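Structure first, commentary second.
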Amino acid sequence: MYDRIKGFRDFYPGEMAARRATIDVVEETARGYGFREIGTPALERAELWTDKSGDDIVDELYSFEDQGGRHVTLTPELTPTVARMVVAKQQALSKPIKWFSTRPFWRYEQVQQGRQREFYQTNVDIFGSSEPEADAEILAWAADALTGLGLTGEHFEFRISHRDILGGVLESYDTDLDTDAAIRAVDKSDKLSQVEYHDLLIGAGLTADQAAEFADLIAGGDLEDVEAFADSERVTDAVENLQNVLAAAEDFGAREYCTISLETARGLDYYTGVVFECFDSTGEVSRSIFGGGRYDDLIESFGGQPTPAVGVAPGHATLSLLCQRAGVWPEEEVQTEYYVLQVGDTRTEAARISRDLRETGHVVETDVAGRSFGAQLNYADSINAETVVIVGEQDLENDEVTIKDMESGDQIQVPVDSFPGDLERPTIDDFE
RNA sequence: UCCGGGUUGGGGUAGUGGUUAUCCUUCAGCCUUGUGGAGGCUGAGACGCGGGUUCGAUUCUCGCACCCGGACCCA
């Protein structure tokens, strides 16, 4: 016996069937918006990450030197790869560029609930539009994908904010402020006590009074208050942009899932405008389900023409947790439409029937193990076969086969020549 | 990297410093070359790995691996 690698998972057919159904919903929703699927390498040059984030990040990468002496890494996220792809063909690609992909990523991290070292994400991005409609379309896609999975507004919410609101309000204090530290404090405020939160803000350079005032303002989430308080062009523009995105989201059917939450900061990295995170409304899944936002500077920083971008990337592990808590996770079982049961030397006829049934797109199994009647029926039951076609020597003597409905146990003899005939989905009901 | 809790056939479990490790389930075959979801019989299958203590360790002990939570982190 060999052990699995920690943080890597096997998916057996039952669970995989549920995952496949979920991925299909998410991807079909993206196709419906005209997002086009792309394929990307598992391995990239490590410089894609170390150049931007420093060598410390290597600790969290599955990176190594390959036989050609290249410093490579399993990709921990899609964004740099997509940015590279956009830059490489920037002139050739018609805008806006709307891409999606579902695939695994790898990070050497501590394993926790909803977080493995190999994990799957569906990335959905729009490049080449700075209009609020692009942000709203990302939100609308995410909302459609989740509702398509059977979730409702009772199960999830998008907490939405704008990077320039926090930054702009902080800027309006005329003190020497560590803005990044303050934003980091806001991002963590959920998990901190009020005292700890205020202490962090004070540590970033605010006075105690300012910290309390700032915390109240941000927690209040009232855009007009914020705008009036900061009284700066940057904040005014940000508020207007956020309101425009929400207005578009209204038309796109996603507004009802959005809550303004200025405490949502989404880290510090490449986000530049609207940011949002999806949360479990019941609070049972404590961390955010996924996040997204606008990153208008990234393409340029990868050597391309300035190109606005907005995207989101739901992880399938947290998505699965959310669906399970909500009771809408698909049944974890395999499905089979027909089992063609052979008794005696009936392979030729059984094969013909199996092939005919598969022609019309059905899942059809037949015996490949030389098993007895009882054992075959047992197996048919175990694979959830809906209909069993018994091709037996006795039936064939009368030029018949037996159709058996597995749920009711009812069965009926039908002429072998008329099965499956022209029927798309023959069941016992067609012959009674 | 750190903290807590775990690990006995495929799954779920009982138990013990010393005979053949308990029970349920599962799987395979048979009873039954013609009827699964009922029964009977037969069979398969486990003390996570390594070191230590001991005459003897699945049991005590240490380390490691893996699992479940959590902290940090989260591009």
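In what follows, every chain begins at residue 1, and chains take the letters A, B, ... in the order their sequences are listed. Note that the structure is predicted; figures quoted are calculated from it, not measured.
- Rounded to whole Å, the C1' atom of B:rU8 lies 7 Å from the corresponding atom of B:rU58.
- For the pair A:Glu77 CD and B:rC73 P, the interatomic distance rounds to 18 Å; values are reported in whole Å.
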Scan nucleotides 33-41 of chain B nucleotide by nucleotide, 5' to 3', and note B when protein non-hydrogen atoms come under 4.0 Å of the base, S if they reach only the sugar-phosphate, - if neither.
BBBBB----
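- Sorted by first and then second residue, the salt bridge (Lys or Arg N to Asp or Glu O under 4.0 Å) pairs with a member in residues 76-88 of chain A read A:Glu44-A:Arg84; sequence neighbours excluded.
- Separating the P atom of B:rA21 from that of B:rG9 is a span of 15 Å, rounded to the nearest Å.
- With hydrogens and angles disregarded, no donor-acceptor distance shorter than 3.5 Å links the side chain of A:His362 to the backbone of A:Val364.
- Straight-line distance between the P atoms of B:rC30 and B:rA57: roughly 43 Å, to the nearest whole Å.
- A ring-centre distance under 6.0 Å is not found for A:Phe279 and A:Phe156.
- For RNA chain B, runs of at least 3 consecutive pairs of the Watson-Crick or G-U wobble type, with both hydrogen-bonding distances under 3.5 angstrom, map to B:1-7 with B:65-71, B:10-12 with B:23-25, B:26-31 with B:39-44, B:48-52 with B:60-64.
- Between A:Glu171 and A:Arg234, at least one side-chain N (NZ, or NE/NH1/NH2) sits under 4.0 Å from a carboxylate O, which counts as a salt bridge.
- Checked against side chain to side chain contact (heavy atoms under 4.5 Å, CB included), A:Lys6 has the following partners two or more places apart in sequence or in another chain: A:Gln110, A:Val111, A:Arg117.
- Distance check on atom C1': B:rG10 versus B:rU20 gives 23 Å, rounded to whole Å.
- On the C1' atoms, B:rG45 is 15 Å away from B:rU13, given to the nearest whole Å.
- A salt bridge links A:Arg115 to A:Glu109: at least one charged side-chain nitrogen sits closer than 4.0 Å to a carboxylate oxygen.
- Across all strands, A:Gln376 comes closer than 4.0 Å to no nucleic acid atom at all (heavy-atom distances).
- Between A:Glu118 atom CD and B:rC74 atom P there is a gap of 22 Å when expressed in whole angstrom units.
- When the P atom of B:rU26 is taken as reference, atom CD1 of A:Ile383 falls 18 Å away, rounded to whole Å.
- B:rC3 and B:rG11 are spaced 29 Å apart, taking the P atom of each and rounding to whole Å.
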Show which side-chain atoms of residues 382-391 of chain A pair as donor or acceptor with protein atoms under 3.5 Å away, not counting sequence neighbours.
| from | atom 1 | to | atom 2 | distance (Å) |
| --- | --- | --- | --- | --- |
| A:Ser382 | OG | A:Tyr379 | O | 2.7 |
| A:Asn384 | ND2 | A:Val334 | O | 2.7 |
| A:Glu386 | OE1 | A:Arg425 | NH2 | 2.4 |

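- A:Lys188 has no side-chain polar atom (N or O) that falls below the 4.0 Å cut-off from OP1 or OP2 of B:rC72.
- Residue A:Ile289 contributes atom CD1, which lies 19 Å from atom P of B:rC74 at whole-angstrom precision.
- Listed by first and then second residue, the salt bridge (Lys or Arg N to Asp or Glu O under 4.0 Å) pairs involving residues 123-146 of chain A are A:Lys98-A:Glu137, A:Asp135-A:Arg294 (not counting sequence neighbours).
- In the displayed structure, A:Asp66 atom CG is contacted under 6.0 Å by more than 12 heavy atoms of other residues, nucleotides or ligands.
- Across the P atoms, B:rG40 and B:rG34 are found 23 Å apart, a figure rounded to whole Å.
- In this structure, CD of A:Glu60 is placed 12 Å from P of B:rU1, rounded to the nearest angstrom.
- Side-chain atoms of A:Arg107 and base atoms of B:rC73 include no donor and acceptor less than 3.5 Å apart.
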Candidate pair A:Ser161 and A:Glu263, rule side chain to side chain donor-acceptor pair (under 3.5 Å), full reasoning
CA-CA 8 Å; A:Ser161 183; A:Glu263 289 169 308; over 6 Å; no
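- Taking atom P on both B:rG15 and B:rC60, the two are 13 Å apart, rounded to the nearest angstrom.
- For residues 296-337 of chain A, no residue pair satisfies the ring-ring contact (aromatic ring centres under 6.0 Å, His included) rule, not counting sequence neighbours.
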Pairs under 3.5 angstrom only: tabulate donor-acceptor contacts from the side chains of residues 35-42 of chain A to other protein residues two or more places apart or in another chain.
| from | atom 1 | to | atom 2 | distance (Å) |
| --- | --- | --- | --- | --- |
| A:Arg36 | NE | A:Gly34 | O | 3.0 |
| A:Glu37 | OE1 | A:Arg31 | NH2 | 3.2 |
| A:Thr40 | OG1 | A:Arg103 | NH1 | 2.8 |

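- The OH-C1' distance, from A:Tyr379 to B:rU26, rounds to 16 Å in whole Å.
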Return a single string for nucleotides 6-11 of chain B, one symbol per nucleotide in 5' to 3' order, where B is base contact, S is sugar-phosphate-only contact and - is none, cutoff 4.0 angstrom on heavy atoms.
------
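- Taking atom CG of A:Leu298 as the reference point, atom C1' of B:rA75 lies 10 Å away to the nearest angstrom.
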Polar pairs (N or O, both sides) under 3.5 Å between protein and nucleotides 63-69 of chain B?
| from | atom 1 | to | atom 2 | distance (Å) |
| --- | --- | --- | --- | --- |
| B:rA65 | O2' | A:Asp3 | OD2 | 3.4 |
| B:rC67 | OP1 | A:Gly7 | N | 3.4 |

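- Per the geometry, CZ belonging to A:Phe119 stands 18 Å off P belonging to B:rC73, to the nearest Å.
- A 6.0 Å sphere centred on CD of A:Glu333 holds more than 12 heavy atoms belonging to other residues, nucleotides or ligands.
- Under the side chain to side chain contact (heavy atoms under 4.5 Å, CB included) criterion, A:Ala140 pairs with A:Tyr33, A:Phe252, A:Ala254, not counting sequence neighbours.
- Within the structure, salt bridge (Lys or Arg N to Asp or Glu O under 4.0 Å) pairs that include any residue of residues 392-414 of chain A do not occur (at least two apart or interchain).
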